[in-house]
Amino acid sequence: MRIGRDFFLRDVLDVAPDLIGKKIIRLFPSGEQKEYVITETEAYRGEEDLACHACKGRTARTEVMYHEGGVCYVYLIYGMHWMLNFVVSINDHPQAVLIRSVKGFEGPGRAARELGIDKSFYGENLVSSKRLFVEDGNEKYEYTSHPRIGIDYSGEYWKNKPWRFVITNKI
DNA sequence: GTAACGATCCTC
DNA sequence: AGGATCGTTACA
């Protein structure tokens with residue numbers, strides 16, 4: 001069953017690991033509906049987190065991160081890859097979870113490409129959207145924590161935070 | 001205006 | 001190891 005608003009209003013360090021093993025439901029324009037198990041996430045936590053895009057403050061791009069949790073933050077990186085993030089926490093607390101991998105599609109660029117994500121998903125509401133939302137799984141999963149990828153510029157302190165979460169095995 | 005730079009991926 | 005490729009950002 002669909003995950004509701006309250007799930008996304010919590011701190012990103014609670015939501016990001018909780019998303020491991022949950023299913024992204026995507027209804028494609030063709031009418032086909034597919035499910036993807038989330039296998040890897042990363043947490044980006046507020047303006048103080050120098051790896052988080054919101055460390056630059058409010059801009060046209062980061063604006064949606066200041067919305068309350070439950071909407072999507074989508075952006076293009078390296079001129080060719082869309083990144084899919086779920087905004088979490090309460091209003092004016094810019095936090096987001098990067099969907100790094102879903103089962104069978106490793107890597108944030110590949111996962112977003114498989115899901116057919118583009119700029120039109122910027123601000124997409126996961127609580128009410130018909131084409132993209134999250135469902136609870138029946139099973140529980142274990143995960144391991146690791147440093148985040150591709151953020152060397154943020155300095156040793158933030159670079160070393162173990163805020164990447166990777167699925168291990170079913171409990 | 002203009003320039004620099006990515007929360008990456010693919011092919012050498 | 002290096003190239004692709006362009007929106008966002010910062011600075012003049």
Side-chain angles (χ1 to χ4, degrees), chain A residues 7-8 10-24 26 28 34 36-90 92-126 132-134 141 143-168:
Chain A
F7 178 90
F8 297 105
R10 299 174 298 146
D11 192 278
V12 71
L13 295 182
D14 294 320
V15 179
D18 275 3
L19 280 170
I20 297 295
K22 299 265 188 300
K23 294 179 295 189
I24 294 176
R26 172 76 166 104
F28 291 93
K34 290 189 183 178
Y36 299 91
V37 177
I38 299 172
T39 56
E40 185 177 0
T41 62
E42 267 177 11
Y44 289 88
R45 192 169 185 268
E47 293 182 346
E48 63 173 16
D49 177 2
L50 296 184
C52 181
H53 289 165
C55 72
K56 305 281 187 184
R58 276 184 196 261
T59 66
R61 183 170 69 149
T62 64
E63 182 63 30
V64 77
M65 292 183 79
Y66 290 79
H67 192 279
E68 74 165 28
V71 297
C72 294
Y73 168 44
V74 170
Y75 65 93
L76 187 69
I77 191 68
Y78 300 115
M80 59 187 90
H81 303 294
W82 293 102
M83 299 283 110
L84 173 62
N85 300 253
F86 297 161
V87 173
V88 303
S89 190
I90 58 176
D92 287 332
H93 286 245
Q95 304 184 355
V97 179
L98 171 65
I99 305 301
R100 277 199 75 84
S101 298
V102 295
K103 189 176 179 184
F105 302 93
E106 302 274 313
R110 289 178 184 149
R113 187 177 61 182
E114 169 63 22
L115 285 160
I117 298 303
D118 60 28
K119 187 160 192 162
S120 75
F121 284 84
Y122 184 91
E124 187 85 2
N125 192 320
L126 296 167
L132 185 71
F133 52 97
V134 186
Y141 293 84
Y143 62 86
T144 51
S145 305
H146 312 267
R148 295 173 290 179
I149 302 289
I151 54 158
D152 288 357
Y153 61 84
S154 66
E156 289 299 306
Y157 180 77
W158 295 104
K159 182 184 152 197
N160 292 329
K161 291 280 188 190
W163 289 354
R164 179 163 62 100
F165 308 98
V166 183
I167 199 167
T168 51

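Here is how names work: the chains are called A, B, and so on, in the same order as the sequence lines, proteins then strands, and each is numbered from 1.
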**Message:** As a check on the pairing definition, encode DNA chain B in dot-bracket form, counting Watson-Crick and G-U wobble pairs whose two distances are under 3.5 Å, and using | for partners outside this strand.
**Reply:** ||||||.||||.
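Contact of the Arg45(A) side chain with the Asp11(A) side chain is registered, since non-hydrogen atoms from C-beta on lie closer than 4.5 Å. Looking only at side-chain heavy atoms (C-beta outward), Arg148(A) and Asp49(A) come within less than 4.5 Å of each other. Under the 4.5 Å side-chain criterion, counting only non-hydrogen atoms from C-beta, Pro108(A) is in contact with Arg100(A). The side-chain heavy atoms of Arg61(A) and Tyr73(A), taken from C-beta on, include a pair separated by under 4.5 Å. Residues Val74(A) and Leu84(A) have side chains in contact (heavy-atom distance under 4.5 Å, counting atoms from C-beta outward). Using a 4.5 Å heavy-atom threshold, the side chains of Ile167(A) and Lys103(A) count as separate. Lys119(A) is listed as a side-chain neighbour of Trp82(A), based on a closest heavy-atom distance under 4.5 Å.
Taken residue by residue, residues 42-65 of chain A places heavy atoms nearer than 4.0 Å to DNA chain C at Lys56(A), Thr59(A), Arg61(A). Shown for residues 73-80 of chain A: residues whose heavy atoms fall under 4.0 angstrom of DNA chain B, namely Tyr73(A), Tyr75(A), Ile77(A), Tyr78(A), Gly79(A). At a non-hydrogen distance threshold of 4.0 Å, nothing from residues 95-111 of chain A comes into contact with DNA chain C. Within residues 144-154 of chain A, the residues approaching DNA chain B are Ile149(A), Gly150(A), Ile151(A), Tyr153(A), by heavy-atom distance under 4.0 Å.
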**Request:** Starting from the C-alpha separation in whole Å, work towards a yes-or-no answer on side-chain contact (heavy atoms from CB on, under 4.5 Å) for Phe86(A) and Val134(A).
**Result:** CA-CA 10 Å; Phe86(A) 297 161; Val134(A) 186; 3.7 Å; yes
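The main-chain N or O of Gly21(A) is never found under 3.5 Å from a side-chain atom of Tyr143(A) such that the two would form a donor-acceptor pair. Within the 3.5 Å criterion, the main-chain N or O of Thr62(A) finds a donor-acceptor partner in the side chain of Thr59(A). Between the side chain of Ser101(A) and the backbone N or O of Gly107(A) there is at least one donor-acceptor pair closer than 3.5 Å.
Within a 6.0 Å sphere centred on NZ of Lys22(A), other residues, nucleotides and ligands contribute more than 12 heavy atoms.
Paired with His53(A) under the rule ring-ring contact (aromatic ring centres under 6.0 Å, His included), one option of Tyr44(A), Tyr66(A), Tyr75(A) passes, and it is Tyr75(A). Phe165(A) pairs with exactly one of Asp18(A), Thr144(A), Leu19(A), Ile20(A) by the side-chain contact (heavy atoms from CB on, under 4.5 Å) rule, that one being Ile20(A).
Between Arg10(A) and Gln95(A) the shortest heavy-atom distance is O-OE1, 4.4 Å. When all heavy atoms of Val15(A) and Val88(A) are compared, the pair lying nearest together is CG1-CG1, 3.7 Å. Closest of all the heavy-atom pairs between Cys52(A) and Met65(A) is SG-CE, 3.6 Å.
Of all nucleotides in DNA chain C, those with any atom nearer than 4.0 Å to a heavy atom of chain A start and finish, going 5' to 3', at dA4(C) to dA10(C).
Rounding to whole angstrom units, CH2 of residue Trp82(A) and C1' of dC9(B) are separated by 16 Å.
Among the protein residues, Arg164(A) comes within range of no part of the nucleic acid, since none of its heavy atoms lies under 4.0 Å from any strand.
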